[in-house]
Amino acid sequence: MTPRITASRLWPWLDRAGRLSWLKLAVFLACLAPACELAFAYRLDALGAKPITALIHGTGEWTVRFLLATLAITPLRRVADWPRLILVRRMLGVTAMAYALAHLVLYVVDQNFDLTKVVSEIALRIYLTIGFVALVGLIALGVTSTDAAIRAMGPNWHRLHKLVYTIMVLGLVHYFLQAKIDVSAPVFWTGVFLLLMGWRAMRRFHPPERPWALLLLAIAAALLTAGLEAAWYGLASGVPANLVLAANLDFSGPIRPAWWVLAVGLALPATAFIQNLRGGKAAKPAPARRAAAPAPSLRGEAEAIQSAAHPDRAAPAGLLPSRSP
């Protein structure tokens, strides 16, 4: 094993050749930023009357966000034709696990380190039980997110890492049940999850990189988000569904989650449209010149790096930088 390869495993901002990757460095700093913000807010006594509770909620919310970011890598790299994005997926997944562990540790602190009470609360409160199961699943994915684990587990590694979808669902259910009254945030993030899963469902029928298909996907995800919000309030608090749906057309107050999901979803057809324009320009015939050996494409370089690092077929949806459906 060369010193450069060893260094790349120790420092997350280095690529597999031991060179500085500005993409990995930027993502690494983005992963640290929320933790630093929460720590400074706690140090400055800016978290309100219950700072530990605020930290519990903050780490839980960032767990959901980073796990969704992990699932967003494959759609973004395909729609934006940015293959190097795959290099940061493991980092995002492991970050989600780290925030989830901090979420649990802070809950133990909030219970004054009374482990008996912590265990009983997790066993008796359904939303805590669901959250704990999701955490155990994240830990399982995290500890097997190494090259050695891929080689040792073989095809079973792919089966295990497909559980990321189930873990995401459990995490969102935990988020809903914990939020209790105002579920605007969990509704929005669930809408984003529906958008990402809708993209994966579309790929089973035809490549959804066409702008019109992605536009329909964004609209469908927004409508499902509005319906989900209305159903939740109707079942949880008895608010008539028609009133909740009508609130989506009332812009005098806060913008409802469905509109934010639509805004996020519209980024996909916009990106695909730009890529189509760039592809059209690239397809124009160039002036005749002496033939030269074609330079390797960025996609080819990234896939070569991945193939050299992972001789096995990449997993569809795990914490490692690999292909997703």
Side-chain angles (χ1 to χ4, degrees), residues 2 4-34 65-98 141-142 145-147 149-150 157-158 161 164 192 195-196 199-200 203 207-211 214 264 267-283 293-325:
T2 66
R4 281 195 172 189
I5 295 177
T6 303
S8 68
R9 293 183 177 180
L10 291 176
W11 308 111
W13 51 81
L14 300 180
D15 61 20
R16 290 187 174 274
R19 299 184 298 264
L20 173 65
S21 168
W22 290 105
L23 173 62
K24 296 187 73 173
L25 177 60
V27 172
F28 177 71
L29 294 176
C31 291
L32 289 180
R65 292 166 187 166
F66 279 115
L67 194 53
L68 282 170
T70 306
L71 294 178
I73 289 296
T74 295
L76 288 177
R77 70 183 285 261
R78 292 187 183 277
V79 175
D81 193 23
W82 192 2
R84 283 192 177 275
L85 274 179
I86 205 70
L87 301 176
V88 300
R89 191 166 79 175
R90 168 161 44 188
M91 186 188 303
L92 290 170
V94 172
T95 298
M97 181 193 68
L141 299 189
S145 65
T146 62
D147 297 344
I150 294 179
W157 189 91
H158 302 279
H161 280 248
V164 68
V192 173
L195 178 71
L196 297 176
W199 182 90
R200 286 168 165 84
R203 280 198 66 82
E209 281 75 16
R210 298 183 182 88
L214 294 171
V264 172
L268 293 178
T271 302
F273 181 73
I274 293 172
Q275 287 298 320
N276 285 352
L277 290 179
R278 292 175 59 187
K281 291 180 180 179
S297 67
L298 183 61
R299 178 187 298 275
E301 180 185 351
E303 291 183 351
I305 294 172
Q306 183 184 2
S307 298
H310 305 290
D312 299 329
R313 183 174 59 87
L319 300 187
L320 279 176
S322 53
R323 297 179 183 270
S324 289

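Every heavy atom of this structure was used, including side-chain atoms; hydrogens, water molecules and symmetry mates were not.
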- Output, in order, the C-alpha distance, side-chain angles, deciding distance and verdict of side-chain contact (heavy atoms from CB on, under 4.5 Å) for R90 and D147. CA-CA 11 Å; R90 168 161 44 188; D147 297 344; 3.7 Å; yes

Closest heavy-atom contact between [X] and [Y]?
{"X": "R78", "Y": "W199", "value": "CD-CH2, 3.4 Å"}
{"X": "F66", "Y": "A30", "value": "CZ-O, 3.8 Å"}
{"X": "P269", "Y": "P211", "value": "CB-O, 3.4 Å"}
{"X": "S145", "Y": "V94", "value": "OG-CG2, 3.8 Å"}

- Does R84 pair with D15 as a salt bridge, N-O distance under 4.0 Å? no

Working to the nearest 0.5 angstrom, can you tell me the gap between [X] [atom1] and [Y] [atom2]?
{"X": "I73", "Y": "W82", "atom1": "CD1", "atom2": "CH2", "value": "8.5 Å"}
{"X": "M97", "Y": "T95", "atom1": "CE", "atom2": "OG1", "value": "9.0 Å"}
{"X": "W157", "Y": "L141", "atom1": "CH2", "atom2": "CG", "value": "8.5 Å"}
{"X": "D81", "Y": "I274", "atom1": "CG", "atom2": "CD1", "value": "13.0 Å"}
{"X": "R77", "Y": "L87", "atom1": "CZ", "atom2": "CG", "value": "9.0 Å"}

Flag the pair [X] / [Y] as yes when at least one side-chain heavy-atom distance between them is below 4.5 Å, and no otherwise.
{"X": "R200", "Y": "R203", "result": "no"}
{"X": "L67", "Y": "V164", "result": "yes"}
{"X": "F273", "Y": "L214", "result": "no"}

- Apply the side chain to side chain contact (heavy atoms under 4.5 Å, CB included) test between R89 and each candidate in V27, T74, L71; give the one that qualifies.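 Testing each of V27, T74, L71 against R89, the sole residue satisfying side chain to side chain contact (heavy atoms under 4.5 Å, CB included) is T74.
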
